[in-house]
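Chain letters run A, B, ... following the sequence lines, proteins first, then strands; residues in each count from 1. Every value quoted in this text rests on a predicted model; they were computed, and no experiment measured them.
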Amino acid sequence: MKSWNRFKNSYLLYSFKRDPVAIISFCVLAVLGVISILAPVIAPYNTYDTATIDIMDAETPPTWMEDGDERFILGTDIQGRDLLSTMIFGLRVSLLIGVGAVLFQSFVGILVGIISGFFGGKLDSFLMRLADIQFSLPYLIVAIFTMAIFKVAFGIGRYEDLAEPLLIIIIGLSQWPHYARTVRASVLGEKNKEYVEAARVIGISRQLIMFRHILPNTMTPVLVISTIQVANAIMSEAALSFLGLGMPITRPSLGSLIRAGFEYIFSGSWWITFFPGVLLVILILVILLLGDWLRDVLNPKLYKG
Amino acid sequence: MFAFIVRRIIQAIIVMLVIGLVGFIIQHQIGDPVRDLVGERVTPAEREVIRDQLGLNDPFYIQYVRFVKNAVKGDLGLSFFYKKPALEVILAKAPATIELVLVTALILIVVSIPSGIYAAIYPKSWFSRIIMAVSTIGVAMPVFLTAIVLIYFFGVELNWLPSYGRGETVNLWGWESGFFTLDGLKHLILPSVSLSSIMLPLFIRLVRAEMMEVLETEYIKFAWAKGLHRQRVWYIHAFKNTLLPVITVFGVQLGILVAFTILTETVFQWQGMGFMFLEAVERSDTTLLVAYLIVVGVIFVVVNTIVDIIYGFVNPMVRIAGTK
């Protein structure tokens, strides 16, 4: 109750209520999130259940068009799956991978950052050099290469089973330096403050000081990066899936749906590409707008451009 | 300055050795050169003999040293699918990618600098607002979607522009160029526009932000106070100083652009290096994969090193910061 009151009077909520863009983005994102969590309940069909799919329904246009079928509001894809349901499940996969990758990279990055900042010295310069190298390589190309190599190494069958965890780990690993650098910078700022000294004087262990006292004070920038990074991760996943290096078409993400639909765009079946594409853009846009707003509110100094 | 250049070059060589090591490990673990050579129908005993002859039973580090030596000489192994040296295959595909990147870079410069400056000078005008809004949406739009939308409108619906392949090319001293035929140029439009759409928002924002920052500085205020003409203050005094960071970012992004060519080339069936890379993945052509990795690594490291050195020339702070 106390923390709720604190939240109610906070600057965060105050500025949120004054920013229509933030409110709309948040609502859209919340709706999309709820839909993807409740996908098995909400979606009209369970697209993972091959028994419900009839290939004869393939490439049915949306309801309002000629030849449309009222069973399929947005039409069907090339395998005869209801496009709306496939998109809902695809959204779920995309969000899962995006959030999973960010959780993973923030875990690695925060750990490296806090150790690096707290201990300093040789360990610090080694870890930061590592981050520099990783940072200088374009993350997308690293991800594309790694996924390509796994695909060749595992063969397509096993690769498809492993695609989801692999995507989370690889997209996560290619982005951790963001967190490591930010957290390290904040730790360096915090570690000489009086409360840390006080905690030291009482004789609290180093781990406890690191994780209970310093860590919470470095969370603001982490929150700002995280929103942007979720959008980045979702985009990377979509790009990888579009190249055929991500989720297989049997368990499609939005990216693999677009890939599948693209081959049929010349024959006029635009909806298979169009609706997942729009959904993907809305998803990323909403997260980015929310991230921009968060950055402005939490860290006015960072703002540039 | 000399020490700085040497340091940067040594760093570049180390990075290349690491990339080479990664490539070598991949080849060592996944690829099977014996299969690449003789196919599947050779007995295990004969295979063993070939393995010995090729030195595949040597210790790991000796093989790595040999790999690096060969790579320096330009021998990256034989492509399993093409039955040709991998480097030759890649070089044959390179002109397509290089032309695509060149035209993209041109579009980037021609569009981003004027619109960035405009948005900085008149931040409140409706046109600047449109520029910024479009660039926000542009950030959220994955490149393959932009490409698909372009294909759908200009290729399928309006039928104005060709949407796949390179069209007619002219062979200039072994360089397959699409620059000199109308057909080739037409084929370049859609791929390069969609490729530039990834970087445009970033550059417009960068130019705008830098320009706005410069316009706040003392020397610009002084220029106004002196009563200089507006054009002179904006385009001569302010613009020059926004260029420096823009050039640096541009250099770094050029390497990233190569990564994105994989996406654009797939959409447009553009017969370049990126398209070849994905084909190699489908065919499990490990040698070609590793060769591509190394070629892209070289491009990236060389571009980065040159940009760093240029930056070192222009901005002495960088040189000094590194020596500590």
Check the pair A:Ile149 / B:Leu293 against side chain to side chain contact (heavy atoms under 4.5 Å, CB included), numbers first and verdict last. CA-CA 11 Å; A:Ile149 286 153; B:Leu293 171 76; 5.6 Å; no
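- Contact annotation for A:Ala239: both backbone and side-chain heavy atoms come within less than 4.5 Å of a heavy atom of chain B.
- Shortest non-hydrogen contact noted between B:Val267 and A:Phe242 is CG2-CE2, 3.4 Å.
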Show, in sequence, the C-alpha distance, side-chain angles and deciding distance for B:Val139 and A:Leu285, and conclude whether the side chain to side chain contact (heavy atoms under 4.5 Å, CB included) test is met. CA-CA 8 Å; B:Val139 174; A:Leu285 189 64; over 6 Å; no
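- Rounding to the nearest 0.5 Å gives a distance of 7.5 Å between CG of A:Leu140 and CD1 of B:Ile262.
- The shortest side-chain heavy-atom distance between B:Thr136 and A:Leu288 does not fall under the 4.5 Å cut-off.
- The candidate from B:Phe144, B:Tyr292, B:Phe260, B:Tyr152 with the greatest count of non-hydrogen atom pairs under 4.5 Å with chain A is B:Phe144.
- Within a 6.0 Å sphere centred on CZ of B:Phe154, other residues, nucleotides and ligands contribute 12 heavy atoms or fewer.
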Run the side chain to side chain contact (heavy atoms under 4.5 Å, CB included) check on A:Leu243 and B:Val281 step by step: do they pass? CA-CA 10 Å; A:Leu243 290 174; B:Val281 174; over 6 Å; no
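- Between the CD atom of B:Gln11 and the CZ atom of A:Arg129 there is a distance of 5.5 Å, given to the nearest 0.5 Å.
- Residues A:Leu280 and B:Pro142 come closest through the heavy atom pair CD2-CG, 3.7 Å.
- Between B:Phe277 and A:Phe145, the two ring planes are perpendicular [angle over 60°; tilted spans 30° to 60°].
- When each of B:Thr266, B:Leu289, B:Asn304, B:Ile148 is checked for heavy-atom pairs under 4.5 Å with chain A, B:Ile148 comes out on top.
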Verdict with reasoning, A:Leu245 to B:Leu278, per side chain to side chain contact (heavy atoms under 4.5 Å, CB included): CA-CA 9 Å; A:Leu245 299 172; B:Leu278 276 183; 4.1 Å; yes
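- For chain B, no part of A:Ile234 is nearby; none of its heavy atoms comes within less than 4.5 Å.
- In this structure, chain B has no heavy atom under 4.5 Å from any part of A:Ile282.
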